[in-house]
Amino acid sequence: MQISIVLPIYKVEKYLEECLNSIKNQNFQDFEAIMVDDGSPDNSAQICQKFSAEDSRFKYVHQENQGVSVARNTGLKYAQGKYIYFMDPDDTFSPDFLQAMYDEAEKTGVDMVVNPVVYTNLADKTLLPLSKTTPGIYEASLQNYFSEGYLWFKLYRKELLDRADVSFLKGCHFREDELFGMMLYPYCRSYAIIRQGWYHYRQHGESALARAERNKKLYAESIVVSLPVIFEFFYKRQLFDYFPLALNLLPYPHGWYSVLDYWRLIQEISRKYKLTEWKNYLHPYLQAAVKPQSFPLFLFRMMKLYGKGRLKQIRKQMISVKMRKNYKLVRILGITLLEKGDREYKNKKIA
């Protein structure tokens with residue numbers, strides 16, 4: 001068996017058959033598809049059982065609902081392939097996608113193959129902008145770290161996963177894939193980037209990104225769980241040189257459901273792990289966030305960074321009201337400016 005495809009399945013009956021057919025129709029045929037039914041309450045189980053009955057390469061596994069991380073860990077236990085590929089069960093890919101990745105892995109001997117041709121809307125082929133998309137072979141160093149944590153455009157050599165001895169974090173509902181990639185990366189020797197075929201990442205109301213936007217508190221709780229894990233992971237394994245990778249999981253204020261709670265989290269993490277010593281690796285917004293400071297001063301600094309020319313107007317409004325009585329107003333104003341500033345930064349970076 002050359003490639004084991006791991007699919008965590010939960011409430012995807014609308015898209016699952018199309019996904020499984022896109023696997024079945026791959027030019028590359030030496031695979032197994034491990035379909036882990038995470039206690040899905042819809043008809044996903046019946047679809048999986050149909051495929052497993054018709055094709056022995058499709059293997060159905062059922063477990064009680066424990067979340068996507070546990071489902072992926074379960075899939076890894078059953079995986080027998082030389083390579084591991086994690087796919088989302090509501091997505092599809094072109095027939096040549098796996099073949100291209102496999103050929104590159106075999107030809108170059110790299111631990112990971114990245115194929116960043118990802119469309120979010122197949123009808124008009126909206127390409128997902130991903131960093132470092134230049135094809136080639138890269139040493140797995142801090143300078144070459146491929147920061148996007150998505151799993152579904154990467155093929156992993158099974159030896160890499162065994163060497164790293166890592167698993168997905170139970171109870172982490174968002175960015176668990178990025179956390180997994182960060183723990184894996186120090187054990188990766190090299191990786192290749194290719195651009196052949198395409199992956200169709202389907203965005204809909206139940207996708208992870210949509211749920212994160214809809215429930216920022218749950219998203220925040222996931223980050224609170226994962227942050228100490230990645231910092232402790234690098235400390236306990238004495239991977240001190242890779243500590244800057246952990247900083248990629250630090251959230252930004254506008255992605256948090258409460259600016260005050262965000263400030264408390266960052267201050268606590270910063271004190272425990274002395275983040276100010278790593279400030280050169282941080283975005284300017286995060287450099288300001290990790291400084292020891294009071295909440296009003298933090299909010300002021302954030303507004304200055306994000307708001308730029310509107311600083312005088314904000315200062316006037318802040319001085320003219322009492323913080324406690326008008327906290328909601330200040331918070332809304334701050335969040336608006338944070339979002340505006342981050343958009344400006346991203347646009348500048350893309351340009």
Side-chain angles (χ1 to χ4, degrees), residues 1-8 23 26-28 30-34 68-69 72-73 75-77 79-88 91 93-94 96-118 128-169 175-199 201 230 233-234 237 239 241-242 244-246 248-249:
M1 188 67 60
Q2 291 300 304
I3 298 180
S4 294
I5 304 169
V6 177
L7 297 105
I23 295 174
Q26 284 295 293
N27 296 338
F28 184 86
D30 193 5
F31 67 82
E32 62 176 354
I34 304 172
V68 64
S69 293
R72 288 195 178 114
N73 289 336
L76 282 174
K77 290 178 183 177
Q80 300 179 45
K82 183 178 179 180
Y83 299 97
I84 304 294
Y85 179 77
F86 298 99
M87 186 176 188
D88 285 355
D91 298 339
F93 43 27
S94 63
D96 55 342
F97 191 78
L98 283 183
Q99 184 72 61
M101 299 179 90
Y102 174 79
D103 288 347
E104 185 71 14
E106 288 288 285
K107 180 179 70 175
T108 61
V110 295
D111 287 327
M112 179 174 65
V113 178
V114 181
N115 191 347
V117 184
V118 181
L128 191 68
L130 300 169
S131 65
K132 194 180 279 296
T133 57
T134 304
I137 300 174
Y138 295 86
E139 177 188 358
S141 64
L142 284 175
Q143 293 73 25
N144 291 333
Y145 178 60
F146 198 93
S147 59
E148 281 77 9
Y150 310 119
L151 296 168
W152 25 257
F153 59 93
K154 298 169 185 171
L155 181 72
Y156 298 99
R157 190 176 292 272
K158 180 66 161 52
E159 290 176 2
L160 168 62
L161 275 66
D162 294 338
R163 188 162 62 241
D165 189 24
V166 297
S167 59
F168 292 92
L169 177 62
R175 295 178 74 178
E176 79 291 336
D177 49 359
E178 187 170 6
L179 178 66
F180 179 80
M182 286 180 187
M183 294 189 292
L184 201 61
Y185 193 74
Y187 300 93
C188 181
R189 297 165 300 189
S190 60
Y191 66 90
I193 293 180
I194 64 171
R195 295 183 64 84
Q196 184 175 337
W198 49 260
Y199 185 93
Y201 171 63
I230 188 62
F233 178 84
F234 288 136
R237 298 201 181 191
L239 298 167
D241 290 343
Y242 289 88
L245 294 188
N248 288 308
L249 268 185

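Numbers for residues simply follow the sequence, beginning at 1. Hydrogens, waters and symmetry mates are skipped; everything else that's a heavy atom, side chains included, is used. Keep in mind that this is a model prediction, so the values were computed, not measured.
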Legend entry - Residues forming a salt bridge (charged side-chain N to carboxylate O under 4.0 Å, His left out) with Lys77, sequence neighbours excluded: none

Legend entry - Contacts of Asp162 that satisfy side-chain hydrogen bond (donor to acceptor under 3.5 Å, both in side chains) - sequence neighbours left out: Lys158

Legend entry - Heavy-atom donor-acceptor pair, Gln80 side chain to Met1 backbone, under 3.5 Å: no

Inset, instruction - State whether a side-chain donor-acceptor pair under 3.5 Å links Asp91 with Tyr199. - result: yes

Inset, instruction - State whether the side chain of Ser190 and the backbone N or O of Val110 hold a donor-acceptor pair below 3.5 Å, judged by distance alone. - result: no

Inset, instruction - Report the residues that fulfil side-chain hydrogen bond (donor to acceptor under 3.5 Å, both in side chains) with Tyr145, sequence neighbours left out, ordered by chain and then residue number. - result: none

Inset, instruction - Hey, could you give me the CG/CE distance between Leu179 and Met182, rounded to the nearest 0.5 Å? - result: 7.5 Å

Legend entry - Side-chain donor/acceptor of Ser69 to backbone N/O of Leu169, under 3.5 Å: yes

Inset, instruction - Report the distance from atom CG of Asp30 to atom CG of Leu98, rounding to the nearest 0.5 Å. - result: 11.5 Å

Legend entry - Residue list, side-chain hydrogen bond (donor to acceptor under 3.5 Å, both in side chains) with Asn144, at least two apart or on another chain: Ser141

Inset, instruction - Output all residues satisfying salt bridge (charged side-chain N to carboxylate O under 4.0 Å, His left out) with Asp88, sequence neighbours left out; order by chain, then residue number. - result: Arg72

Legend entry - Presence of salt bridge, Lys154 and Glu148, under 4.0 angstrom: no

Legend entry - Contacts of Arg163 that satisfy side-chain hydrogen bond (donor to acceptor under 3.5 Å, both in side chains) - sequence neighbours left out: Asp111

